[in-house]
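It should be emphasised that the depicted structure is a prediction, and the values quoted were computed from it without experimental measurement.
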Amino acid sequence: MKSLLKYAMIMENHKPYIAMLFVQFVYSGMALFSKAAIAKGMNPYVFVVYRQALATVALAPFAFFLESKQTSLSYNLLCKIFLVSLCGLTLSLNLYYVAINYTTATFAAATTNTIPVLTFIIAVCLRMESICIRQLTGIAKVLGSVISLSGALVFAFVKGQPIKFMNWYPATQKQTADSLIKSYSIGEWIKGSLIMLSANIAWSLWLVLQGRIVKQYPAKIRLTTLQCFFSCIQSTCWAIAVERNPSAWKLGWDVHLLSVAYCGVIVTGMTYWLQVWTIEKKGPVFTAIFNPLALVITVIFSAFLWKETLHWGSVGGVVLLVGGLYSVLWGKNREDGKRVTNEQNAGTNKEEIVLECITLH
(Lines give C-alpha, C1' and ligand atoms only; values in the text may rest on other atoms or scores of the structure.)
Protein backbone atom coordinates (compact mmCIF):
# COMPACT_ATOMS: atom_id res chain seq x y z
CA MET A 1 0.00 0.00 0.00
CA LYS A 2 2.82 2.39 0.89
CA SER A 3 4.63 1.61 -2.35
CA LEU A 4 1.41 2.30 -4.28
CA LEU A 5 0.99 5.67 -2.57
CA LYS A 6 4.63 6.49 -3.21
CA TYR A 7 4.18 5.63 -6.89
CA ALA A 8 1.06 7.82 -7.03
CA MET A 9 2.97 10.73 -5.49
CA ILE A 10 5.78 10.34 -8.03
CA MET A 11 3.27 10.34 -10.89
CA GLU A 12 1.57 13.44 -9.45
CA ASN A 13 4.87 15.34 -9.30
CA HIS A 14 5.83 14.32 -12.83
CA LYS A 15 2.49 15.09 -14.51
CA PRO A 16 3.82 18.16 -16.39
CA TYR A 17 6.71 16.09 -17.78
CA ILE A 18 4.38 13.28 -18.87
CA ALA A 19 1.98 15.81 -20.42
CA MET A 20 4.72 17.47 -22.47
CA LEU A 21 6.12 14.12 -23.60
CA PHE A 22 2.66 13.21 -24.83
CA VAL A 23 2.30 16.59 -26.59
CA GLN A 24 5.58 16.10 -28.46
CA PHE A 25 4.51 12.61 -29.57
CA VAL A 26 1.27 14.15 -30.84
CA TYR A 27 3.14 16.86 -32.75
CA SER A 28 5.49 14.36 -34.35
CA GLY A 29 2.42 12.35 -35.35
CA MET A 30 0.97 15.48 -36.96
CA ALA A 31 3.95 15.78 -39.30
CA LEU A 32 3.90 12.06 -40.12
CA PHE A 33 0.13 11.77 -40.69
CA SER A 34 0.04 15.00 -42.71
CA LYS A 35 2.89 13.80 -44.91
CA ALA A 36 1.17 10.44 -45.37
CA ALA A 37 -2.16 11.98 -46.43
CA ILE A 38 -0.67 14.51 -48.83
CA ALA A 39 1.78 11.97 -50.29
CA LYS A 40 -1.24 9.74 -50.99
CA GLY A 41 -2.73 12.49 -53.14
CA MET A 42 -4.90 14.59 -50.80
CA ASN A 43 -5.06 18.24 -51.76
CA PRO A 44 -3.29 20.32 -49.04
CA TYR A 45 -5.87 23.14 -49.21
CA VAL A 46 -8.74 20.69 -48.77
CA PHE A 47 -6.85 19.10 -45.88
CA VAL A 48 -6.76 22.45 -44.04
CA VAL A 49 -10.51 22.98 -44.57
CA TYR A 50 -11.43 19.63 -43.05
CA ARG A 51 -8.91 20.01 -40.25
CA GLN A 52 -10.25 23.40 -39.19
CA ALA A 53 -13.85 22.22 -39.49
CA LEU A 54 -13.23 19.26 -37.18
CA ALA A 55 -11.26 21.48 -34.77
CA THR A 56 -14.21 23.89 -34.59
CA VAL A 57 -16.67 21.07 -33.92
CA ALA A 58 -14.38 19.56 -31.27
CA LEU A 59 -13.83 22.85 -29.40
CA ALA A 60 -17.34 24.33 -29.69
CA PRO A 61 -18.95 22.32 -26.81
CA PHE A 62 -16.14 23.27 -24.42
CA ALA A 63 -16.36 26.92 -25.45
CA PHE A 64 -20.14 26.94 -24.94
CA PHE A 65 -20.33 25.13 -21.59
CA LEU A 66 -17.08 26.23 -19.92
CA GLU A 67 -16.97 29.87 -21.03
CA SER A 68 -20.61 30.73 -21.64
CA LYS A 69 -20.57 33.58 -19.10
CA GLN A 70 -17.94 35.62 -20.92
CA THR A 71 -18.71 39.08 -22.22
CA SER A 72 -20.09 39.56 -25.72
CA LEU A 73 -17.91 40.43 -28.69
CA SER A 74 -17.87 43.86 -30.27
CA TYR A 75 -17.85 44.26 -34.04
CA ASN A 76 -14.40 45.84 -33.95
CA LEU A 77 -12.93 42.95 -31.94
CA LEU A 78 -14.63 40.39 -34.19
CA CYS A 79 -12.96 41.98 -37.22
CA LYS A 80 -9.60 41.83 -35.46
CA ILE A 81 -10.07 38.13 -34.70
CA PHE A 82 -11.02 37.52 -38.34
CA LEU A 83 -7.87 39.26 -39.62
CA VAL A 84 -5.63 37.53 -37.07
CA SER A 85 -7.11 34.17 -38.16
CA LEU A 86 -6.38 35.03 -41.78
CA CYS A 87 -2.81 36.08 -41.04
CA GLY A 88 -2.02 33.21 -38.70
CA LEU A 89 -4.06 30.04 -38.92
CA THR A 90 -5.22 30.22 -42.55
CA LEU A 91 -2.00 31.46 -44.16
CA SER A 92 0.34 29.46 -41.93
CA LEU A 93 -1.45 26.11 -42.17
CA ASN A 94 -2.01 26.33 -45.93
CA LEU A 95 1.66 27.17 -46.51
CA TYR A 96 2.73 24.39 -44.11
CA TYR A 97 0.79 21.67 -45.94
CA VAL A 98 1.93 22.90 -49.34
CA ALA A 99 5.53 22.89 -48.14
CA ILE A 100 5.36 19.40 -46.66
CA ASN A 101 4.45 18.14 -50.15
CA TYR A 102 7.91 19.22 -51.35
CA THR A 103 9.91 18.30 -48.24
CA THR A 104 9.86 15.62 -45.54
CA ALA A 105 8.18 15.17 -42.17
CA THR A 106 11.61 15.42 -40.52
CA PHE A 107 12.25 18.79 -42.13
CA ALA A 108 8.81 20.03 -41.03
CA ALA A 109 9.49 18.98 -37.43
CA ALA A 110 12.97 20.53 -37.49
CA THR A 111 11.94 23.94 -38.80
CA THR A 112 9.13 24.15 -36.23
CA ASN A 113 11.88 24.80 -33.66
CA THR A 114 12.57 28.16 -35.36
CA ILE A 115 9.15 29.48 -34.28
CA PRO A 116 10.24 30.70 -30.79
CA VAL A 117 13.21 32.49 -32.38
CA LEU A 118 11.13 34.01 -35.17
CA THR A 119 8.53 35.10 -32.61
CA PHE A 120 11.26 36.82 -30.62
CA ILE A 121 12.60 38.61 -33.72
CA ILE A 122 9.12 39.82 -34.75
CA ALA A 123 8.40 40.97 -31.19
CA VAL A 124 11.65 42.98 -31.22
CA CYS A 125 10.74 44.56 -34.57
CA LEU A 126 7.32 45.53 -33.19
CA ARG A 127 8.99 46.88 -30.01
CA MET A 128 7.18 44.37 -27.85
CA GLU A 129 10.48 42.84 -26.73
CA SER A 130 13.69 44.60 -25.71
CA ILE A 131 17.34 43.64 -26.17
CA CYS A 132 20.30 44.89 -24.15
CA ILE A 133 23.47 43.72 -25.89
CA ARG A 134 25.56 44.99 -22.99
CA GLN A 135 24.24 42.17 -20.83
CA LEU A 136 24.93 38.46 -21.18
CA THR A 137 21.23 37.63 -21.54
CA GLY A 138 20.85 40.04 -24.47
CA ILE A 139 23.92 38.61 -26.20
CA ALA A 140 22.56 35.07 -25.67
CA LYS A 141 19.24 35.99 -27.30
CA VAL A 142 20.86 37.68 -30.32
CA LEU A 143 23.44 34.95 -30.92
CA GLY A 144 20.85 32.25 -30.30
CA SER A 145 18.55 33.76 -32.92
CA VAL A 146 21.33 33.90 -35.51
CA ILE A 147 22.55 30.38 -34.72
CA SER A 148 19.04 28.89 -34.78
CA LEU A 149 18.14 30.41 -38.16
CA SER A 150 21.55 29.37 -39.52
CA GLY A 151 20.86 25.83 -38.34
CA ALA A 152 17.54 25.80 -40.18
CA LEU A 153 19.30 26.90 -43.40
CA VAL A 154 22.02 24.28 -42.93
CA PHE A 155 19.40 21.58 -42.39
CA ALA A 156 17.56 22.66 -45.54
CA PHE A 157 20.44 23.12 -47.98
CA VAL A 158 23.44 21.11 -46.67
CA LYS A 159 23.18 17.33 -46.93
CA GLY A 160 26.66 15.82 -46.69
CA GLN A 161 27.34 12.12 -46.39
CA PRO A 162 24.54 9.77 -45.26
CA ILE A 163 24.81 8.31 -41.80
CA LYS A 164 25.88 4.68 -42.20
CA PHE A 165 23.77 3.10 -39.48
CA MET A 166 20.65 4.63 -41.09
CA ASN A 167 21.30 2.80 -44.39
CA TRP A 168 19.67 -0.38 -43.23
CA TYR A 169 17.59 -0.97 -46.36
CA PRO A 170 17.49 -4.57 -47.59
CA ALA A 171 18.30 -5.20 -51.24
CA THR A 172 14.60 -5.64 -52.03
CA GLN A 173 13.79 -2.20 -50.60
CA LYS A 174 16.77 -0.29 -52.00
CA GLN A 175 14.98 0.68 -55.21
CA THR A 176 11.96 1.98 -53.26
CA ALA A 177 14.16 3.97 -50.92
CA ASP A 178 16.20 5.46 -53.79
CA SER A 179 13.06 6.49 -55.67
CA LEU A 180 11.68 8.16 -52.54
CA ILE A 181 14.88 10.11 -51.94
CA LYS A 182 15.21 11.17 -55.59
CA SER A 183 11.56 12.20 -55.83
CA TYR A 184 12.54 15.65 -54.53
CA SER A 185 14.46 17.73 -57.05
CA ILE A 186 16.72 20.53 -55.88
CA GLY A 187 14.24 23.11 -57.12
CA GLU A 188 11.33 21.47 -55.31
CA TRP A 189 13.31 21.16 -52.08
CA ILE A 190 14.34 24.83 -52.14
CA LYS A 191 10.77 25.83 -52.95
CA GLY A 192 9.40 23.72 -50.10
CA SER A 193 12.02 25.06 -47.67
CA LEU A 194 11.18 28.69 -48.44
CA ILE A 195 7.44 28.03 -48.20
CA MET A 196 7.93 26.26 -44.85
CA LEU A 197 9.96 29.21 -43.57
CA SER A 198 7.15 31.54 -44.69
CA ALA A 199 4.62 29.35 -42.84
CA ASN A 200 6.68 29.59 -39.64
CA ILE A 201 6.97 33.37 -39.99
CA ALA A 202 3.18 33.65 -40.40
CA TRP A 203 2.64 31.44 -37.33
CA SER A 204 5.13 33.48 -35.29
CA LEU A 205 3.36 36.70 -36.28
CA TRP A 206 0.08 35.09 -35.21
CA LEU A 207 1.57 34.28 -31.80
CA VAL A 208 2.65 37.89 -31.33
CA LEU A 209 -0.74 39.27 -32.38
CA GLN A 210 -2.49 36.63 -30.28
CA GLY A 211 -1.09 38.19 -27.11
CA ARG A 212 -2.85 41.47 -27.82
CA ILE A 213 -6.14 39.78 -28.74
CA VAL A 214 -6.16 37.69 -25.54
CA LYS A 215 -5.85 40.86 -23.46
CA GLN A 216 -9.02 42.20 -25.09
CA TYR A 217 -10.87 38.88 -25.02
CA PRO A 218 -9.51 36.54 -22.30
CA ALA A 219 -11.90 33.64 -23.04
CA LYS A 220 -9.19 31.44 -24.57
CA ILE A 221 -11.32 28.48 -25.65
CA ARG A 222 -13.96 30.64 -27.30
CA LEU A 223 -11.25 32.68 -28.96
CA THR A 224 -9.58 29.55 -30.33
CA THR A 225 -12.93 28.20 -31.54
CA LEU A 226 -13.75 31.46 -33.30
CA GLN A 227 -10.37 31.53 -35.01
CA CYS A 228 -10.74 27.92 -36.15
CA PHE A 229 -14.23 28.75 -37.50
CA PHE A 230 -13.00 31.83 -39.37
CA SER A 231 -10.00 29.90 -40.66
CA CYS A 232 -12.32 27.16 -41.92
CA ILE A 233 -14.37 29.71 -43.91
CA GLN A 234 -11.26 31.44 -45.28
CA SER A 235 -9.58 28.13 -46.19
CA THR A 236 -12.77 26.96 -47.92
CA CYS A 237 -12.76 30.04 -50.16
CA TRP A 238 -9.06 29.50 -50.85
CA ALA A 239 -9.52 25.79 -51.65
CA ILE A 240 -12.52 26.37 -53.92
CA ALA A 241 -10.57 28.99 -55.87
CA VAL A 242 -7.56 26.68 -56.31
CA GLU A 243 -9.15 23.21 -56.51
CA ARG A 244 -12.13 22.91 -58.89
CA ASN A 245 -12.24 19.11 -59.03
CA PRO A 246 -15.15 17.82 -56.84
CA SER A 247 -13.45 14.44 -56.35
CA ALA A 248 -10.65 16.13 -54.40
CA TRP A 249 -13.15 16.85 -51.61
CA LYS A 250 -14.14 13.22 -51.09
CA LEU A 251 -13.07 11.50 -47.86
CA GLY A 252 -13.02 7.72 -47.53
CA TRP A 253 -12.17 5.37 -44.69
CA ASP A 254 -8.46 5.69 -45.31
CA VAL A 255 -5.38 7.62 -44.20
CA HIS A 256 -6.95 10.88 -45.42
CA LEU A 257 -9.80 10.72 -42.90
CA LEU A 258 -7.48 9.46 -40.14
CA SER A 259 -5.01 12.31 -40.71
CA VAL A 260 -7.70 14.99 -40.80
CA ALA A 261 -9.34 13.67 -37.62
CA TYR A 262 -5.99 13.36 -35.86
CA CYS A 263 -4.86 16.90 -36.72
CA GLY A 264 -8.26 18.49 -36.16
CA VAL A 265 -9.36 16.81 -32.92
CA ILE A 266 -6.25 15.57 -31.12
CA VAL A 267 -3.66 18.18 -32.17
CA THR A 268 -5.91 21.23 -31.92
CA GLY A 269 -8.11 20.08 -29.05
CA MET A 270 -6.21 17.81 -26.68
CA THR A 271 -2.75 19.37 -26.95
CA TYR A 272 -4.25 22.85 -26.41
CA TRP A 273 -5.60 21.82 -23.02
CA LEU A 274 -2.39 20.07 -22.01
CA GLN A 275 -0.16 23.00 -22.99
CA VAL A 276 -2.33 25.56 -21.20
CA TRP A 277 -2.34 23.37 -18.08
CA THR A 278 1.45 22.88 -18.23
CA ILE A 279 2.09 26.60 -18.75
CA GLU A 280 0.01 27.35 -15.65
CA LYS A 281 2.03 24.78 -13.67
CA LYS A 282 5.55 25.31 -14.98
CA GLY A 283 5.56 28.39 -17.23
CA PRO A 284 6.04 28.92 -20.99
CA VAL A 285 9.80 28.27 -21.00
CA PHE A 286 9.25 24.77 -19.60
CA THR A 287 6.93 23.90 -22.51
CA ALA A 288 9.28 25.33 -25.14
CA ILE A 289 12.22 23.25 -23.84
CA PHE A 290 10.48 20.06 -24.98
CA ASN A 291 10.00 21.23 -28.61
CA PRO A 292 13.14 19.52 -30.02
CA LEU A 293 11.88 16.18 -28.72
CA ALA A 294 9.24 16.11 -31.48
CA LEU A 295 12.08 16.29 -34.01
CA VAL A 296 13.86 13.28 -32.49
CA ILE A 297 10.63 11.25 -32.49
CA THR A 298 9.86 12.25 -36.09
CA VAL A 299 13.35 11.28 -37.26
CA ILE A 300 13.03 7.81 -35.72
CA PHE A 301 9.57 7.12 -37.14
CA SER A 302 10.43 8.62 -40.56
CA ALA A 303 13.41 6.27 -40.84
CA PHE A 304 11.13 3.26 -40.39
CA LEU A 305 7.94 4.44 -42.11
CA TRP A 306 9.29 6.56 -44.98
CA LYS A 307 12.77 5.01 -45.22
CA GLU A 308 14.34 8.47 -44.95
CA THR A 309 18.13 8.59 -44.80
CA LEU A 310 19.64 11.03 -42.31
CA HIS A 311 22.69 13.00 -43.48
CA TRP A 312 25.50 14.50 -41.43
CA GLY A 313 24.72 17.97 -42.77
CA SER A 314 21.19 17.69 -41.43
CA VAL A 315 22.51 16.56 -38.04
CA GLY A 316 24.79 19.61 -37.90
CA GLY A 317 21.84 21.84 -38.76
CA VAL A 318 19.75 20.30 -35.99
CA VAL A 319 22.54 20.84 -33.44
CA LEU A 320 22.80 24.52 -34.41
CA LEU A 321 19.03 24.95 -34.47
CA VAL A 322 18.42 23.40 -31.05
CA GLY A 323 21.47 25.06 -29.52
CA GLY A 324 20.28 28.47 -30.72
CA LEU A 325 16.79 27.79 -29.42
CA TYR A 326 18.03 26.95 -25.92
CA SER A 327 20.28 30.03 -25.96
CA VAL A 328 17.29 32.29 -26.66
CA LEU A 329 15.17 30.49 -24.04
CA TRP A 330 17.96 30.80 -21.46
CA GLY A 331 18.35 34.52 -22.06
CA LYS A 332 14.59 35.08 -21.99
CA ASN A 333 14.17 33.04 -18.80
CA ARG A 334 16.97 34.91 -17.01
CA GLU A 335 15.53 38.29 -18.01
CA ASP A 336 12.04 37.29 -16.85
CA GLY A 337 13.49 36.09 -13.54
CA LYS A 338 15.30 39.39 -13.00
CA ARG A 339 12.16 41.33 -13.90
CA VAL A 340 10.07 39.40 -11.36
CA THR A 341 12.74 39.89 -8.69
CA ASN A 342 12.88 43.64 -9.34
CA GLU A 343 9.09 43.91 -9.18
CA GLN A 344 9.04 42.02 -5.87
CA ASN A 345 11.78 44.24 -4.47
CA ALA A 346 9.92 47.34 -5.63
CA GLY A 347 6.77 46.04 -3.93
CA THR A 348 8.69 45.37 -0.71
CA ASN A 349 10.22 48.85 -0.72
CA LYS A 350 6.81 50.38 -1.34
CA GLU A 351 5.34 48.46 1.61
CA GLU A 352 8.21 49.64 3.85
CA ILE A 353 7.59 53.26 2.84
CA VAL A 354 3.86 52.93 3.52
CA LEU A 355 4.50 51.32 6.92
CA GLU A 356 7.01 54.06 7.76
CA CYS A 357 4.46 56.75 6.85
CA ILE A 358 1.82 55.03 8.97
CA THR A 359 4.27 54.87 11.92
CA LEU A 360 5.15 58.56 11.57
CA HIS A 361 1.49 59.55 11.50
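Asn43 places a side-chain N or O within 3.5 Å of a backbone atom of Val46 that can act as its donor or acceptor partner. Looking only at distances, a side-chain donor or acceptor of Glu243 sits under 3.5 Å from a matching main-chain atom of Asn245. Proximity of a side-chain donor or acceptor of Ser327 to a complementary backbone N or O of Gly323 within less than 3.5 Å is not detected. In terms of modelled atom types and a separation under 3.5 Å, the side chain of Ser92 and the main chain of Ala199 share a donor-acceptor contact. Side-chain N or O atoms of Tyr45 include none that pairs as donor or acceptor with a backbone N or O of Thr236 at under 3.5 Å. Looking at Lys35, its side chain does come within 3.5 Å of a backbone N or O of Ile100 through a donor-acceptor pair. Counting only distance, with no hydrogens or angles, the side chain of Thr114 and the backbone of Thr111 share a donor-acceptor pair below 3.5 Å. With hydrogens and angles disregarded, a donor-acceptor distance shorter than 3.5 Å links the side chain of Ser28 to the backbone of Phe25.
Taking the six-membered ring for Trp and thresholds of 30 and 60 degrees, Tyr97 and Phe47 have ring planes inclined between 30 and 60 degrees apart.
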Please determine whether side-chain contact (heavy atoms from CB on, under 4.5 Å) holds for the pair Thr224 and Phe229, giving the CA-CA distance in whole Å, both sets of side-chain angles, and the decisive distance to 0.1 Å. CA-CA 9 Å; Thr224 305; Phe229 175 70; over 6 Å; no

For a side-chain contact (heavy atoms from CB on, under 4.5 Å) check, start with the C-alpha distance between Cys87 and Leu205, then their side-chain angles and the critical distance, and finish with the verdict. CA-CA 8 Å; Cys87 173; Leu205 179 60; 3.3 Å; yes

Starting from the C-alpha separation in whole Å, work towards a yes-or-no answer on side-chain contact (heavy atoms from CB on, under 4.5 Å) for Cys228 and Leu59. CA-CA 9 Å; Cys228 289; Leu59 289 172; 4.3 Å; yes

Apply side-chain contact (heavy atoms from CB on, under 4.5 Å) to residues Ser148 and Leu320 and explain how you reach the verdict. CA-CA 6 Å; Ser148 182; Leu320 290 174; over 6 Å; no

When you look at Ser231 and Thr90, which way does the side chain to side chain donor-acceptor pair (under 3.5 Å) test go after all the steps? CA-CA 5 Å; Ser231 177; Thr90 302; 3.2 Å; yes

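For the atom pair Leu258 CG and His256 NE2, the distance stands at 11.0 Å (nearest 0.5 Å). Within the model, atoms OG1 of Thr119 and CH2 of Trp203 stand 10.5 Å from one another, a figure rounded to the nearest 0.5 Å. Distance CD1/Ile121 to OG/Ser145: 4.5 Å, rounded to 0.5 Å. Taken from CG in Leu86 to CD1 in Ile81, the straight-line distance is 14.0 Å, to the nearest 0.5 Å. Interatomic distance, OG of Ser259 versus OH of Tyr50, reported as 14.0 Å (0.5 Å rounding). Of the inter-residue distances, the one linking Lys191 atom NZ with Thr103 atom OG1 reads 12.0 Å to the nearest 0.5 angstrom.
A continuous path of hydrophobic side-chain contacts links Leu89 to Leu207 [ILVMFWY only; heavy atoms under 4.5 Å]. When the side chains of ILVMFWY residues are joined at heavy-atom separations under 4.5 Å, either directly or via intervening members, Ile266 and Val23 end up in a single hydrophobic cluster. Leu321 and Tyr326 are assigned to two separate hydrophobic clusters, defined by single-linkage of ILVMFWY side chains at heavy-atom distances under 4.5 Å. Linking Ile, Leu, Val, Met, Phe, Trp and Tyr whenever their side-chain heavy atoms come within less than 4.5 Å puts Trp253 and Leu54 in one cluster. Val146 and Val322 fall into different hydrophobic clusters, where Ile, Leu, Val, Met, Phe, Trp and Tyr side chains are chained together by heavy-atom contacts under 4.5 Å.
Applying the 6.0 Å contact sphere to OH of Tyr262 captures more than 12 heavy atoms from other residues, nucleotides or ligands.
In this structure the side chain of Trp249 reaches within 4.5 angstrom of the side chain of Val49, judged on heavy atoms. For the pair Leu78/Phe230, a side-chain contact is recorded, criterion being any heavy-atom separation below 4.5 Å from C-beta on. In this structure the side chain of Tyr96 reaches within 4.5 angstrom of the side chain of Met30, judged on heavy atoms. Taking the side chain as every heavy atom from C-beta outward, Gln234 and Gln52 never approach each other to under 4.5 Å. Taking 4.5 Å as the limit, every side-chain heavy atom of Phe82 sits out of range of all side-chain heavy atoms of Leu77. The side-chain heavy atoms of Val260 and Met42, taken from C-beta on, include a pair separated by under 4.5 Å. Taking the side chain as every heavy atom from C-beta outward, Pro44 and Asn101 never approach each other to under 4.5 Å. Using a 4.5 Å heavy-atom cutoff, the side chains of Tyr217 and Arg222 are in contact.
Trp206 and Gln227 share a side-chain donor-acceptor pair at under 3.5 Å. Side-chain atoms of Ser74 and Asn76 include no donor-acceptor pair closer than 3.5 Å.
When every heavy atom of Cys263 is checked against every heavy atom of Ser34, the shortest pair comes out as SG-OG, 3.6 Å. Minimum heavy-atom separation, Thr225 to Ala63: OG1-CB, 3.6 Å. Contact detail for Ala105 and Thr298: the closest heavy-atom pair is O-CG2, 3.5 Å.
Ring centers of Phe107 and Trp189: under 6.0 Å apart, within the cut-off.
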